[in-house]
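Since this is a predicted model, take the numbers as computed values, not measurements. To find a chain, count down the sequence lines: A is the first, B the second, and so on, and within it residues start at 1. What's counted below: heavy atoms across the whole structure, side chains too, no hydrogens, waters or symmetry copies.
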Number of protein chains: 2
Amino acid sequence: MTTENSISFEIATRLRTEILRQRFQSGDRLPSERDLAARFDSSRGAVREALSQLEQSGLIDIQPGGARVKPIEAASISVLGPLMSLDEVPDPALVDQFLQTFGALSALTAREAIKQANDEDMIRLRRMVVNLNRQSKDFESMQPPWREFLEELANVADNLVVHLISNDLKTHFVEQMLQLGFVPKLRKTAVNEVLSDLQKAVAARDGNQAQAAVQAYFDEVRGAVRELIHSRLGENRRQAV
Amino acid sequence: MTTENSISFEIATRLRTEILRQRFQSGDRLPSERDLAARFDSSRGAVREALSQLEQSGLIDIQPGGARVKPIEAASISVLGPLMSLDEVPDPALVDQFLQTFGALSALTAREAIKQANDEDMIRLRRMVVNLNRQSKDFESMQPPWREFLEELANVADNLVVHLISNDLKTHFVEQMLQLGFVPKLRKTAVNEVLSDLQKAVAARDGNQAQAAVQAYFDEVRGAVRELIHSRLGENRRQAV
DNA sequence: CTCTATATTTGGTCAGACCAATTTGGTCCG
DNA sequence: CGGACCAAATTGGTCTGACCAAATATAGAG
């Protein structure tokens, strides 16, 4: 974004973090706008803009009488980014849920893309899958062609709902993963099998099989990422001692 | 929500509608805050709160020099509700995409719920599936037990990411469907087959099979809803003539 | 202790002002 | 004619101070 340097954005960020860190019980009243303005050494207008954002993301409920904190479960998906950035190393369970979800949506996209593709699309997709199989089966070298493949699937499937969700999901996530130098170690034999299935599915134009294969790939990534985060958390714990 | 009666909310709603109706080309500059305040007969503060919301939902980009409209594809999932409410009868393609997506997430939830359920959970789930099968196979009578079943699955799976997405997806959608008196006509034999598969899957604790069955059910609903919307659109066209 | 009436607090909105950055318009030069 | 440059107008970002109506808290009466 571009307006991230404004005071209201800063206030929203700090309040959001406090809420996500459970500094407030659900149902608690937030300090009044005037108090917040004083605390952040700014004006009511800036605070109101920040609160307006937090309300739209479902974290608070503004009423005459006071703003009340809502449970995290009531929030919108837009809080996922901030939620994963709370600590240096994100919550493993949350990352796993993210990958599950992103995998399911990608798999759906694959199914629908194959269902709706025209001949040219299929040619392109087949070529990309073959290319995927050519790469050595480590995460680093497979990432770019996978990304390309998923984007092409999304183009063909042309599902706006999934697209919009992906906008929210990818925000902050990929960058945080990369920033941590994430290189999950995939099990090559398993990945080979998945890719083989995927290639067959695309060749035979079998949407359901392609869906299963894509999901299986993400499940592989999930397992590798889980291990990686746990070892990372172990390191941090050792450093802390 | 509770603050939907404010001026800033009204301004945001009207501007959002105009943007979604493509009244502005992507990249166009929005009128200045002062102009908008004059046009809506209000103050800059109210307009700024509205614009702040629109920016958070990814519809515009506020910069010194002016606010610019972004392409809809860049928006957040929170625009889905307004997007489907643009016309009295929502865009069939969009509804189909919604059901695809919701179905895929529900199917994922089923898989993970069965994977993580303890013995008590499984007993409850099995009972609910049997109960599902007892109902007559029309949409109206199956809706409540399905809803209950899906909620239970979500409780067991406990996937916050899917939960947050569902918050956004369900907003405005269900009510609009109900408001239209939507009663899709399911193909009973197909539904029976799906439910039978689902029951077997839950009995055998086969997550993947349950996932496939749930998805198949949603695909059935998709087909029925598609027909229904098309006939509804036909009626409207006839009325218009 | 309960209930009511009053005073205070809170959000909703507005008007007006200042600053810094951008945009715009015009001018001058090649 | 075209491009570079500069000044003026515009725009967003922020603050101050004010008023209203609704909600809340408080004190007092029963």
Side-chain angles (χ1 to χ4, degrees), chain A residues 1-16 18-19 23-71 74-76, chain B residues 1-16 18-19 23-71 74-76:
Chain A
M1 251 191 283
T2 44
T3 330
E4 297 195 347
N5 29 356
S6 64
I7 299 275
S8 63
F9 183 87
E10 164 77 11
I11 297 176
T13 301
R14 288 172 61 177
L15 284 179
R16 188 187 305 113
E18 290 189 23
I19 293 174
R23 294 275 161 77
F24 301 94
Q25 292 278 346
S26 161
D28 277 1
R29 282 234 312 261
L30 229 49
S32 75
E33 296 175 351
R34 292 167 177 84
D35 287 350
L36 289 173
R39 170 179 150 193
F40 290 113
D41 201 32
S42 68
S43 67
R44 259 189 84 198
V47 169
R48 281 184 61 79
E49 282 173 33
L51 292 183
S52 167
Q53 292 175 28
L54 294 186
E55 180 179 41
Q56 206 200 342
S57 60
L59 286 175
I60 64 174
D61 203 19
I62 307 180
Q63 315 177 351
R68 289 197 154 68
V69 177
K70 297 207 286 183
S76 117
Chain B
M1 249 190 284
T2 44
T3 329
E4 297 195 345
N5 31 356
S6 64
I7 299 275
S8 64
F9 183 86
E10 164 77 11
I11 296 176
T13 300
R14 288 172 61 176
L15 284 179
R16 189 186 306 113
E18 290 189 23
I19 294 175
R23 293 274 161 77
F24 302 93
Q25 292 278 345
S26 162
D28 277 0
R29 283 234 316 257
L30 229 49
S32 75
E33 297 175 352
R34 292 166 177 85
D35 287 350
L36 289 173
R39 171 179 150 193
F40 290 114
D41 201 33
S42 68
S43 67
R44 261 189 83 197
V47 169
R48 281 184 61 78
E49 283 173 32
L51 293 184
S52 167
Q53 293 175 25
L54 294 187
E55 181 179 42
Q56 207 200 341
S57 59
L59 285 175
I60 65 174
D61 204 17
I62 306 180
Q63 315 177 348
R68 288 196 155 68
V69 177
K70 298 206 286 182
S76 115

(request) Would you indicate which nucleotide in C:dC14, C:dG12, D:dC15 comes nearest to any side-chain atom of B:A46? (result) C:dC14
(request) Give the rounded distance in Å between these two atoms: CG of B:L36 and P of C:dC14. (result) 13 Å
(request) Assign each of B:A67 and A:D41 to its nearest nucleotide of DNA chain D by heavy atoms, then name whichever residue's nucleotide is nearer the 5' end. (result) B:A67
(message) Does B:D28 form a side-chain contact (heavy atoms from CB on, under 4.5 Å) with B:R68? I'd like the steps, not just the answer.
(response) CA-CA 5 Å; B:D28 277 0; B:R68 288 196 155 68; over 6 Å; no
(request) Output the single nucleotide from D:dT11, D:dC15, C:dG12 whose closest atom is nearest the side chain of A:E33. (result) C:dG12
Between the protein and nucleotides 16-20 of chain D, are there any N/O to N/O pairs under 3.5 Å, and if so, what are the atom names and distances?
{"unit_1": "D:dA18", "atom_1": "N6", "unit_2": "A:R44", "atom_2": "NH1", "d": "3.4"}

(request) Would you give the length of the straight line joining atom CG of B:L59 to atom CG of B:L15, rounded to the nearest 0.5 angstrom? (result) 10.0 Å
(message) Can you give me the closest heavy-atom contact between A:P31 and A:L36, atom names plus distance?
(response) O-CD1, 3.6 Å
Donor-acceptor pairs are to be reported for all side-chain atoms of residues 39-47 of chain A against protein atoms at under 3.5 Å, with residues two or more places apart or in another chain.
{"unit_1": "A:R39", "atom_1": "NH2", "unit_2": "A:E18", "atom_2": "OE2", "d": "2.2"}
{"unit_1": "A:R44", "atom_1": "NE", "unit_2": "A:E33", "atom_2": "OE1", "d": "3.2"}
{"unit_1": "A:R44", "atom_1": "NH2", "unit_2": "A:E33", "atom_2": "OE1", "d": "2.9"}

(request) To the nearest Å, give me how far apart CG (B:L30) and P (D:dT10) are. (result) 18 Å
(request) Taking all heavy atoms of B:S26 and all of B:K70, pick out the closest pair and write down the distance. (result) OG-C, 4.0 Å
(message) From CD1 of A:I7 over to P of C:dC19, roughly how many Å is that when rounded to an integer?
(response) 17 Å
(request) Report the residues that fulfil side chain to side chain contact (heavy atoms under 4.5 Å, CB included) with B:T13, sequence neighbours left out, ordered by chain and then residue number. (result) B:F9, B:R16, B:T17
(request) Of all the heavy-atom pairs spanning B:S52 and A:E49, show the shortest one and how long it is. (result) OG-O, 3.8 Å
(message) So which atom in B:A12 and which in B:L54 form the shortest heavy-atom distance, rounded to 0.1 Å?
(response) O-CD2, 3.8 Å
Interface polar pairs with nucleotides 23-25 of chain C, N/O, under 3.5 angstrom:
{"unit_1": "C:dT23", "atom_1": "O3'", "unit_2": "B:R29", "atom_2": "NH1", "d": "3.3"}

(request) Rounded to the nearest angstrom, tell me the gap between atom CD1 in A:I11 and atom C1' in D:dG13. (result) 12 Å
(request) State, to the nearest 10°, the angle formed by the axis through the first five base pairs of the helix from C:dC1-D:dG30 to C:dG30-D:dC1 and the axis through its last five. (result) 10°
(message) I'd like to check the side-chain hydrogen bond (donor to acceptor under 3.5 Å, both in side chains) partners of A:S57; sequence neighbours left out, ordered by chain and number.
(response) none
(request) Starting at atom CZ of B:F40, determine the distance to atom P of C:dC14, rounded to an integer number of angstrom. (result) 12 Å
(message) For the CD1 atom of B:I62 and the CG atom of B:L51, what is their distance to the nearest 0.5 Å?
(response) 5.0 Å
(message) To the closest 0.5 Å, what do you measure between CD (A:Q53) and CD1 (A:I60)?
(response) 10.5 Å
(message) Can you measure B:D61 atom CG to D:dG13 atom P for me and round it to whole angstrom units?
(response) 11 Å
(request) Write down the distance between CZ (A:F9) and P (D:dT14), rounded to a whole number of angstrom. (result) 12 Å
(request) Take atom CD of B:E49 and atom P of D:dG12, then tell me their distance rounded to the nearest Å. (result) 16 Å
